[in-house]
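Numbering of ligands and ligand atoms starts at 1, following listing order. Keep in mind that the numbers below use all heavy atoms, side chains included, and drop hydrogens, waters and symmetry copies.
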Amino acid sequence: MVTVEGLTKEFPGGVRALDGLNLSIMDGEFFALLGPSGCGKTTLLRTIAGLESPTSGAVRIGDRDVTPLAPGARNVAMVFQDYALFPHMTVRENIAYPLKIKRQPRGEREARAGEIGGQLGLAGLMPRRPAELSGGQQQRVALARAVACRPSVFLFDEPLSNLDARLRLEARTFLKRLQRELAVTTVFVTHDQAEALALADRIAVMDAGQIRQIGTAREVFRRPSTTFVANFIGSTPMNLLSGEVRGDGIAVAGGTVPRPDGLSDGEPVTVGIRPEYLPVLTSAQHGALSGEVSIVEHLGTSSLVTVEIDGELVAGTVAEGDEPDTGTRVWLRPVPGRVLIYRVGDGTLVS
Ligand code: ATP
């Protein structure tokens, strides 16, 4: 278990990269850190690793307070975006290196490197140097090196970001299987939401050195707790529309959606609806949002349709082959139970 308590990191010049952050990662969990550039993800990972010392707060691994310990004494393994392999060493030497640092005898460490290399599909590549490997193979060597010293925590900083799209998908599946088999607590930093949603047991969405929401992929995707998280999560951004509480509904973009409890008449709200939950229809529907098709983008099995409603752009989806023509009038009918209502002031979720 990794616990972070009141962690603050200030860099010289007054940048507060972490701001009193609290976090508890369970034993064996695959935990992803997601957030915009500069929100403090890498700093948090490096502080857990011991590569940065916090200005205040503590890091615990299991029941040990590791805050004062050097990186080597924490039993964590970190894999970086650029793999940081030693160019002059062979694959075997690279994998065995952490064991050499731990002063294991040569025979033992070579045997262990061979065993792990075999598990990760590197058996035929052991005598090669990193420059003679593909990006995907280098990434596996970096993983093998991390696995070699049997760490109690894996820390991954965008380990897949240098791979092309196809290799990345393969590596993702591979990483998930490896983590399942080893059941090692893993903290994973990524820019890529699809990666976080696919890999992680839980996701933390960070902003400005703080955590805005923690939940399973499904929770964070389905019920973002603020408009910030709603805006950030999802491959196509969520529609965040201005609405107003009126009678027993909420008036939004010429249509009406159900009104949750806890709001007063006339109150302005933000209505959040993902394009995926806003099917585009070509005949009139009671209560539906309606406007003129402005852009159609083909995504593969579905298409994203941007509709202009009273000067506001609203995105909906339609099955591939059913796309309406631009300039035609369409109706967007929200999927029941998939409409989120946020307060205007602090952007928090009402329902
Ligand atoms: P990215 O996704 O772009 O890698 P990140 O979320 O990992 O970003 P960090 O690298 O943790 O963000 O940086 C957080 C903040 O701390 C940024 O404002 C960054 O400029 C600042 N920062 C990071 N390292 C240092 C440093 N060594 N000295 C000064 N400021 C730093």
Side-chain angles (χ1 to χ4, degrees), residues 2-25 29-59 61 66-68 70-71 74 76-84 135 138-139 142-143 146 153-165 168 171-172 175 185-200 202-215 217 220-221 224-235 237:
V2 177
T3 317
V4 159
E5 291 166 3
L7 208 61
T8 295
K9 176 68 186 177
E10 274 170 19
F11 286 110
V15 180
R16 187 174 274 227
L18 301 175
D19 190 7
L21 195 140
N22 293 298
L23 182 60
S24 202
I25 300 168
E29 190 172 23
F30 202 127
F31 194 89
L33 296 173
L34 203 59
S37 184
C39 71
K41 305 179 293 289
T42 298
T43 304
L44 175 57
L45 208 64
R46 288 174 58 85
T47 310
I48 296 172
L51 299 169
E52 301 282 358
S53 52
T55 309
S56 59
V59 177
I61 297 179
V66 299
T67 323
R74 296 187 178 200
V76 300
M78 190 150 170
V79 176
F80 299 93
Q81 182 174 354
D82 60 2
Y83 316 138
Q138 289 182 32
Q139 192 248 2
L143 284 177
V153 181
F154 278 139
L155 301 172
F156 290 141
D157 194 0
E158 309 226 16
L160 309 184
S161 61
N162 282 344
L163 303 177
D164 66 45
R168 199 171 168 142
R172 190 160 101 183
L175 197 64
T185 307
T186 300
V187 190
F188 188 96
V189 165
T190 181
H191 262 112
D192 183 338
Q193 302 187 24
E195 205 161 274
L197 293 171
L199 282 171
R202 283 191 306 157
I203 293 171
V205 180
M206 285 182 68
D207 177 37
Q210 294 183 340
I211 288 173
R212 300 294 182 209
Q213 186 171 7
I214 295 182
V220 174
F221 183 81
S225 58
T226 62
T227 45
F228 170 81
V229 179
N231 213 1
F232 187 73
I233 296 279
S235 51

N-O pairing of [X] and [Y] below 4.0 Å:
| X | Y | result |
| --- | --- | --- |
| Glu195 | Arg172 | no |
| Asp19 | Lys9 | no |
| Lys41 | Glu158 | no |

Q: Work out whether the distance between some heavy atom of Gly38 and some atom of ligand 1 is less than 4.0 Å.
A: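 It does; at least one heavy atom falls under 4.0 Å.
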(Q) Any protein heavy-atom neighbour for atom 19 (C) of ligand 1 (distance below 4.0 angstrom)? (A)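 No, no protein heavy atom sits under 4.0 Å from atom 19 (C) of ligand 1.
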**Q.** Closer than 4.0 Å: a protein non-hydrogen atom to atom 5 (P) of ligand 1
**A.**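 At least one protein heavy atom is under 4.0 Å away.
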Can you sort out which atoms of ligand 1 are near [X], meaning under 4.0 Å from one of its heavy atoms?
| X | answer |
| --- | --- |
| Val15 | 16 (O), 18 (O), 21 (C) |
| Ala17 | 14 (C), 15 (C), 16 (O) |
| Thr43 | 9 (P), 11 (O), 13 (O), 14 (C) |
| His191 | 2 (O) |
| Gly40 | 5 (P), 6 (O), 9 (P), 11 (O), 12 (O), 14 (C) |

Q. Does some side-chain heavy atom of Val205 sit less than 4.5 Å from a side-chain heavy atom of Leu33?
A.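 Not in contact.
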Any donor-acceptor N/O pair, [X] side chain to [Y] backbone, under 3.5 Å:
| X | Y | value |
| --- | --- | --- |
| Thr8 | Gly20 | yes |
| Arg16 | Phe11 | no |
| Thr55 | Glu10 | yes |

Tell me, which protein residue and heavy-atom name are nearest [atom], and how many Å apart are they?
| atom | result |
| --- | --- |
| atom 2 (O) of ligand 1 | Lys41 NZ, 2.8 Å |
| atom 10 (O) of ligand 1 | Thr42 CB, 3.7 Å |
| atom 27 (N) of ligand 1 | Phe11 CE2, 3.6 Å |
| atom 3 (O) of ligand 1 | Ser37 OG, 2.6 Å |

Q: Would you kindly say whether Gln213 and Ser225 are connected by a side-chain donor-acceptor distance under 3.5 Å?
A: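 There is such a pair (donor and acceptor under 3.5 Å, judged by atom type) between the side chains of Gln213 and Ser225.
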May I ask you to check whether [X] has an N/O atom sitting below 3.5 Å from an N/O atom of ligand 1?
| X | result |
| --- | --- |
| Glu158 | no |
| Cys39 | yes |
| Leu44 | no |

(Q) Testing the basics here: between Val2 and Val153, what is the closest heavy-atom pair and its distance to 0.1 Å? (A)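 Residues Val2 and Val153, closest heavy atoms: CG2-CG2, 3.7 Å.
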(Q) Below 30° counts as parallel, above 60° as perpendicular, anything between as tilted: where do the rings of Phe156 and Phe188 land? (A)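 Ring orientation, 0 to 90° scale: perpendicular.
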